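The structure under discussion appears below in the form of structure tokens.
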Amino acid sequence: MTEAYWIKALIHKYRSMSLPVRAAFWFAVCNVMLKGIQFITVPIFTRLMADEEYGRLSVFLTYEQMLYILATWEIQMGAYQKGIFKFKEEAYDFTAAAQFLINILTVICFAFAAVFHSWITAETGMPVSVITAMFIFFLLQPSYQCWLVQKRTSYAYKEAVSVTFLYSLLNIFVSLGALILFGRTAVIKYISSTVMSSVISLFFFIRHVNYLSVKKENMIKYWRFLLRFEAPLVLHSLSYLILSQADRIMIAKMAGNAQTAYYGAAYSLASVISLFQNSVNQSLLPWRYQKLEQKEYQAVRQVTNRLLAAIGTAILLFILAAPEIMSILFPQSYQEAVWCIPPISISVYFMFLYTLFVNIETYYEKTHYVMYVSLFCGAVNIILNYFGILMFGYLACAYTTLFSYVLFALGHFYFMKRTIKGKVSTDKIIDQKMTVLISCAMIAASVLLTVMYQYFMLRYGVFLLLLVIWSLKRHKGKRDF
């Protein structure tokens, strides 16, 4: 068959997709593009900046994520996504009310930061210029996120992809230009990137800035829903962030900024697979909510099994090639951190697994369950990180992260079962046996691949053998059919 035939077949298959499936595909591309372009430039930044400066930038970004949660409550990421379904006939007013509430929270948080800026600078190492740029970003950027949610909900993917592509390119090129022209420091990199993001977000902010158009009684109704839904998730988000990011702060304080840079680079590389899983989850969330609303549980179960298998396979292939990817992308001083990649990569699998359970909890508005698990796992992670760094150095943080995410998934599975008890059988939504099988296989395979990291030929020999077995079985299956 000719190449033209395959191209025509792919085009035909694409055109035959339903609008929700096509939108999910493009929103996945959209998110991968946004994060992927940023990741591709990481090796450039690690070479332009000194190890200590890149480590300092990693710490800035960690503090940004923590303050972002406090300043916005991440309403645009959680309650707004649910509310846009609940108030779909009042979408414009609801969006304006959500933006207004986020802005009030941001201004209050900034007021505290202004009063205690000396203490914050001393504790975090962030100068006033970085703190100011950060809060301007917090004020404006949620508007862009709300706009993306609207586009996902209405399956209007063309505008979202176009704007995201422009957003990504401008952000990266402005940052690179600033580093070359003004200095290769963490402060220059952070401020240039943040200012560019704020300028783009300003256009979306202006669209819903007319808060006075919303009736007072409606404003109160929307705010009551947003606050009630999101309040438990704030503690969840902070605890989750501690689970995923606090290790960098602890490494910086206990081992130094250079070690933070090495760990941060390995974490960024290992987390590249999370771009795919995040994209898939965000794109399918509206679909999943719709299927739960329509009680089409079998569709949710089937798609979940396929996604777990697909993401698990992608993660294992990534782990297989990690040493070579690491050596190509990063300087020699970063290479020791390759041992962090397998456990962090498997953490991404459990991260995806737990989000499937959380989506069901949040659909039924049981967000307080999410908070319980997050607080417990966040506390466990800090304790394990502290003793792990003391005894084994920064590499231990990768393994404490994996252990904590396994706890995260188990905890959310338990509370998901409590949430749907009396409503629907767990097995109708989640294939429990298959989920356990895939999870155990992921851990076992990652251990095997890690043991083979020093044996290049053995690793790729095993890969080729599995590829041949898969091809033969696939061919035999077609022939029997």
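What's counted below: heavy atoms across the whole structure, side chains too, no hydrogens, waters or symmetry copies. Keep in mind that this is a model prediction, so the values were computed, not measured.
Contact of the M416 side chain with the L356 side chain is not registered, since no non-hydrogen atoms from C-beta on lie closer than 4.5 Å. The shortest distance between side-chain heavy atoms of L307 and F352 falls below 4.5 Å. For the pair M442 and I438, the minimum side-chain heavy-atom distance is below 4.5 Å. Looking only at side-chain heavy atoms (C-beta outward), L139 and T72 stay at 4.5 Å or farther from each other.
Side chain of E52 to backbone of A258: no donor-acceptor contact under 3.5 angstrom is found. Formation of a donor-acceptor pair under 3.5 Å by the T260 side chain with backbone atoms of G55 is not found in this model. At least one donor-acceptor pair under 3.5 Å links the side chain of R459 to the backbone N or O of L320. Side-chain atoms of Q335 come within 3.5 Å of backbone atoms of F330 as a donor-acceptor pair (strictly under, hydrogens ignored). Without hydrogens or angle criteria, S143 side chain to S201 main chain gives no donor-acceptor distance under 3.5 Å. With hydrogens and angles ignored, the 3.5 Å screen pairs no side-chain donor or acceptor of T194 with any backbone N or O of I191. Judged by distance alone, with hydrogens and angles left aside, the side-chain atoms of S446 form a donor-acceptor pair with the main-chain N or O of I443 at under 3.5 Å.
The distance between the ring centers of F138 and F135 falls below 6.0 angstrom. Separation of the F415 and F357 ring centroids does not fall under the 6.0 Å cut-off.
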Go through Y167 and Y144 one step at a time and tell me if the ring-ring contact (aromatic ring centres under 6.0 Å, His included) criterion holds. CA-CA 10 Å; Y167 184 109; Y144 169 70; 4.8 Å; yes
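T313 contributes atom OG1, which lies 10.5 Å from atom CG of L308 (distance to the nearest 0.5 angstrom).
The aromatic rings of F204 and W147 are tilted relative to each other, their planes meeting at an angle between 30° and 60°. Between Y453 and W339, the angle of the ring planes lies from 30° to 60°, which puts this pair in the tilted group. Ring geometry, Y262 versus Y394: the interplanar angle falls from 30° to 60°, so the pair is classed tilted.
Residue F376 places its CZ atom among 12 or fewer non-hydrogen atoms of other residues, nucleotides or ligands, all under 6.0 Å distant. Within a 6.0 Å sphere centred on CE of M457, other residues, nucleotides and ligands contribute 12 heavy atoms or fewer. Applying the 6.0 Å contact sphere to CZ of F392 captures no more than 12 heavy atoms from other residues, nucleotides or ligands.
Using modelled atom types and a 3.5 Å distance limit, the side chains of N385 and D247 yield no donor-acceptor pair. Side-chain N/O atoms of Q141 and Y68 include a donor and acceptor closer than 3.5 Å. Side-chain contact check for E336 and Y263: no donor-acceptor pair (N or O, by modelled atom type) lies under 3.5 Å. For the residue pair Y399 and S347, no side-chain donor N or O sits within less than 3.5 Å of a side-chain acceptor on the partner. No side-chain N or O of Y80 forms a donor-acceptor pair with one of E74 less than 3.5 Å apart. Of the N and O atoms on the side chains of Y334 and T46, not one donor lies less than 3.5 Å from an acceptor on the other residue.
Counting all heavy atoms, side chain and backbone alike, F60 lies closest to A186 at CE1-CB, 3.9 Å.
At least one test fails for K82 against the ring of F229: distance under 6.0 Å to the centre or angle within 45° of the axis.
A salt bridge does not link E361 to K417: none of the charged nitrogens lies less than 4.0 Å from a carboxylate oxygen. Using a 4.0 Å cut-off between charged nitrogen and carboxylate oxygen, E53 and R184 do not count as a salt-bridge pair.
Pairs engaging residues 124-134 under the side-chain hydrogen bond (donor to acceptor under 3.5 Å, both in side chains) rule: none recorded [sequence neighbours left out].
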